[in-house]
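Presented below is the structure to which this report refers.
Here is how names work: the chains are called A, B, and so on, in the same order as the sequence lines, proteins then strands, and each is numbered from 1. Quick caveat, the model's predicted, so the values are computed rather than measured.
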Number of protein chains: 2
Amino acid sequence: MTRESHGQHRADDRPAVRRPASIKDVAAAAGVSPTTVSHVLSGNRPVNEQTAARVRSVVNRLGYVPASLARSLQAGSTSVIGLLIPDISNAFFAELAKGAEDAAHDLGYGLILCNTEFDAEREDSYLGLIRSRFVDGMVYASGSSPSRRRLEALMGKFPIALADEEVDGLERALIATADHEAGGRLVGEHLRELGHRRVLMLTGPRALRSGVARAAGFVRAFRGHVVERVGDFKEASGYRLVAKLLEEGGLDCTAVFAANDLMAFGALAALTEAGLSVPGDVSVVGFDDIRAASQINPPLTTVHQPAYDVGRTATAQLLQYVSRGEVPPASRHTLPVTLKVRGSTAPAAG
Amino acid sequence: MTRESHGQHRADDRPAVRRPASIKDVAAAAGVSPTTVSHVLSGNRPVNEQTAARVRSVVNRLGYVPASLARSLQAGSTSVIGLLIPDISNAFFAELAKGAEDAAHDLGYGLILCNTEFDAEREDSYLGLIRSRFVDGMVYASGSSPSRRRLEALMGKFPIALADEEVDGLERALIATADHEAGGRLVGEHLRELGHRRVLMLTGPRALRSGVARAAGFVRAFRGHVVERVGDFKEASGYRLVAKLLEEGGLDCTAVFAANDLMAFGALAALTEAGLSVPGDVSVVGFDDIRAASQINPPLTTVHQPAYDVGRTATAQLLQYVSRGEVPPASRHTLPVTLKVRGSTAPAAG
DNA sequence: CTAGGTATCCAAAGCCCTTTGCACAACCGC
DNA sequence: GCGGTTGTGCAAAGGGCTTTGGATACCTAG
């Protein structure tokens, strides 16, 4: 009992946060029932204009704002979705996030940022958001492979859209993705036309289908010798892989194709440090066309991915169904990519 | 008729989304009361191990996950906060967002991304999130000035933290910001030590307090002659201002200090085009240390801002109070900046 | 004068969960 | 045996909102 009174009202101590006005307070102050207040605010049923005016005035005076939580509970949906991405500080995902945010905001939805750092545990904790129905849906862009199984189970029960990502055996899914295979093909053709015959390809983790598609498209179009090294889409890994090869006695390739721009940056740095000139000695190609790609020296030849559109399309598609309480159907939206030829590629030396 | 059959048999069709199991369903299936289920799951009160096991098995079988919405309603808080920024595709804010997200996730909070594009209307709609108590707090990083007044009113009532942002006359606020003044000072000292005596300073709009602080710190430490030109933080303005001075008969300065990296890039381009060598003839310094700064040629000497830490600190501070249901006190956290000396600065010629 | 609107408003039933006060046994030491 | 623990589980009271089926009063028409 003493403990209770301690919490109740510590006389000389004002409460940490004053309880905000509820619909009951408004009703009482206006001399009507909560029902009427609700009707005035929502317009769901007609209310006598005089009464309505009185209610509105009280609402203003008390600064009443309906608790969206209660409304959501009653409505059975929150008007919030999640966006699951590995790394918001990667310009590609930032751009994608912007597209997703725009689409969500257009339809009055909020967007919860789920940054996973490719950490399976973190991803799971964020997927809890949808299982506990705190979000009405989820845009899933490139997660950690360990959770694929879990994702699969979720997709049947909850509205999920895949952005720039594919999942083996998940046919029944809503997917918006750039044309990775075509992107790889464009690079393959470009390097081939420049006379390159031996290329170092820095891929991402094999579990990510998008990366696999890029590599496949490239190999198919290039038709030369391809040395493959597996990285993790981070700048450091591009640097490390190339530096290691150089140490071990030479690259033995006239070009490097990195599966994303960040790794290309890393490769560029390693090459430059080793005294090699780009594109004089070695050509470098990236993928994504993040902003820095055109600002770096030399400007990076890369495949432009419509990151913004991918995010926007995936989200808009998802919401089209979520907002009607439906589970989205299987459908695929493949967005075109383009090759941006810049200064980092040149005809093969020799 | 055709339309309906298109949507599958509608008469006795299952609903679009099956109603998920509630605590009542679990209780009924396990032959206990909802109370007991709650206790089993929360551990708030001891439950007979045999009963608990039975409940847990039913929970698994039904795939029951408590509706976080109901829990939040009852608890009076949602464990979600908002992050309001102008542009997530700007690398600085993406980094800041990452810090904020990390801090939030560490404490089990979700983060709603509020991207405003400097649009006052959009900002207001997002501030509704906090007024309707859908978020427990808000990290506010650089909003549109029109809403300052509104922000001011909010700060008294709701938990809000300012990130890398200052507001005139808003003393009673929780603020985390980089030490802009010190950054300017570092640059001032650096150029002074290199023997520069006349410097062209490209500032940002005077309305932004952070830019003003940078300039003030610089002037104080440099103690030489400073020519000031006002830009707008964009690359083009850096180019334009320098090009114009060169046309009008010479720079008459041995160094340029731009208030951010983008303007420094512009300045660099203008100088190079005019046949001047950097840093041979003129030294150039930027501010922010965005990625491209180290990749440009020559690599840019600049002030590194801890964007990640600013986001993280602002959020962690906010949550420290929010998680206890308190309104955060006025406090200021100034984070240290560092000077990155790279290839764009050298001793003054002559 | 009554049947059938129409305009207004309210009571009560949820939405799904957690918390708290009790009830009921079974058991303890004295 | 008696007051007093422990262990175990339930009923009921919210938390703040929306929705829905009346209730009430007042009218209009037949």
Side-chain angles (χ1 to χ4, degrees), chain A residues 1-8 17-55 58-59 62-79 131-134 136 325, chain B residues 15 17-56 58-59 62-79 131-134 136 325:
Chain A
M1 266 315 181
T2 37
R3 279 225 307 277
E4 320 296 320
S5 69
H6 173 67
Q8 281 281 6
V17 178
R18 209 180 49 219
R19 187 179 69 79
S22 83
I23 196 170
K24 276 188 200 165
D25 301 325
V26 175
V32 297
S33 77
T35 307
T36 302
V37 177
S38 174
H39 288 327
V40 169
L41 261 33
S42 70
N44 274 357
R45 281 211 191 162
V47 173
N48 180 294
E49 181 46 43
Q50 204 168 333
T51 314
R54 188 155 33 95
V55 169
V58 172
V59 165
L62 300 187
Y64 169 68
V65 179
S68 49
L69 219 50
R71 197 200 297 254
S72 293
L73 176 63
Q74 134 83 26
S77 73
T78 61
S79 286
R131 297 157 61 91
S132 70
R133 283 149 285 150
F134 195 89
D136 290 349
Chain B
V17 179
R18 210 180 46 219
R19 186 180 70 78
S22 84
I23 197 171
K24 275 189 201 164
D25 302 324
V26 175
V32 298
S33 76
T35 306
T36 302
V37 177
S38 174
H39 289 327
V40 169
L41 261 33
S42 71
N44 274 357
R45 281 214 191 159
V47 173
N48 179 294
E49 182 44 44
Q50 206 169 334
T51 314
R54 190 155 31 96
V55 168
R56 273 190 284 266
V58 172
V59 165
L62 300 187
Y64 170 67
V65 179
S68 48
L69 221 49
R71 196 197 297 252
S72 293
L73 176 62
Q74 134 85 23
S77 72
T78 62
S79 287
R131 297 158 60 91
S132 70
R133 284 148 285 150
F134 195 89
D136 291 348

For this session: Using whole Å, report how far CD of A:Glu49 lies from C1' of C:dC9.
Result: 15 Å
Problem set entry | Base D:dG14 to side chain B:Arg71, donor-acceptor N/O within 3.5 Å cut-off | no
Problem set entry | Distance in angstrom units between A:Leu62 CG and D:dG16 P, rounded | 14 Å
Exercise. Under 3.5 Å, side chain of B:Arg133 to main-chain N/O of A:Val65, donor-acceptor pair present?
Worked result: yes
Exercise. 5'-most contact on DNA chain C: A:Pro34 or A:Pro46, nearest heavy atom basis?
Worked result: A:Pro46
For this session: Whole angstrom is fine here: how far is it from NE2 in A:His39 over to P in C:dT8?
Result: 13 Å
For this session: Taking only the side-chain heavy atoms of B:Ser38 (C-beta and beyond), determine which of C:dC10, C:dT19, C:dC9 contains the nearest atom.
Result: C:dT19
Exercise. Is A:Ser22 touching bases, backbone alone, or none of the nucleic acid, heavy atoms closer than 4.0 Å?
Worked result: sugar-phosphate
Exercise. Hey, does the side chain of A:Ser77 reach the backbone of A:Asp136 with a donor-acceptor pair shorter than 3.5 angstrom?
Worked result: no
Exercise. Atom CG of B:Leu73 to atom C1' of C:dT18: distance rounded to whole Å?
Worked result: 11 Å
Problem set entry | Below 4.0 Å: OP1/OP2 of C:dC9 and any side-chain N or O of A:Thr51 | yes
Exercise. Among D:dG16, D:dT20, C:dT19, which nucleotide sits nearest the side chain of B:Asn44?
Worked result: C:dT19
For this session: Just report the end-to-end axis angle for the helix from C:dC1-D:dG30 to C:dC30-D:dG1, five pairs per end, to 10 degrees.
Result: 50°
Problem set entry | Distance in angstrom units between A:Tyr64 OH and D:dG16 P, rounded | 10 Å
For this session: Measure from CZ on B:Arg45 to C1' on C:dT18 and round the result to the nearest Å.
Result: 11 Å
Seminar exercise, completed: Taken to the nearest 0.5 Å, the spacing of B:Phe134 CZ from A:Ser79 OG works out to 8.0 Å
Seminar exercise, completed: Closest to the side chain of B:Ala70, out of C:dC17, D:dG9, D:dT18, is C:dC17
Exercise. Are any of A:Ser33's side-chain N or O atoms less than 4.0 Å away from OP1 or OP2 of C:dC10?
Worked result: yes
Exercise. Considering only heavy atoms from C-beta outward, does the side chain of A:Val55 approach that of A:Val59 to under 4.5 Å?
Worked result: yes
Exercise. Which whole-number value in Å describes the distance from B:Lys24 NZ to D:dC10 C1'?
Worked result: 15 Å
For this session: Supply the atom-to-atom distance B:Thr51 OG1 to B:His39 NE2, rounded to the nearest 0.5 angstrom.
Result: 12.5 Å
For this session: Identify which nucleotide among D:dG16, D:dC10, C:dA11 has an atom closest to any side-chain atom of B:Thr36, counting heavy atoms from C-beta outward.
Result: D:dC10
For this session: Mark yes or no for a side-chain to base donor-acceptor pair under 3.5 Å between B:Arg54 and D:dG9, with no hydrogen or angle criteria applied.
Result: no
Problem set entry | Rounded distance (Å) that lies between atom C1' of C:dT18 and atom CD1 of B:Ile23 | 8 Å
Problem set entry | Which atom of B:Ala29 lies closest to which atom of B:Val58, heavy atoms considered | CB-CG1, 3.7 Å
For this session: Could you check if a side-chain atom of B:Ser38 sits within less than 4.5 angstrom of a side-chain atom of B:Ile23, using non-hydrogen atoms only?
Result: yes
Exercise. Which one, D:dT19, D:dG22, C:dT18, comes nearest to the side chain of A:Gln74?
Worked result: D:dT19
For this session: With rounding to the nearest 0.5 Å, note down the distance linking CG in A:Leu73 to CD in B:Gln74.
Result: 11.5 Å
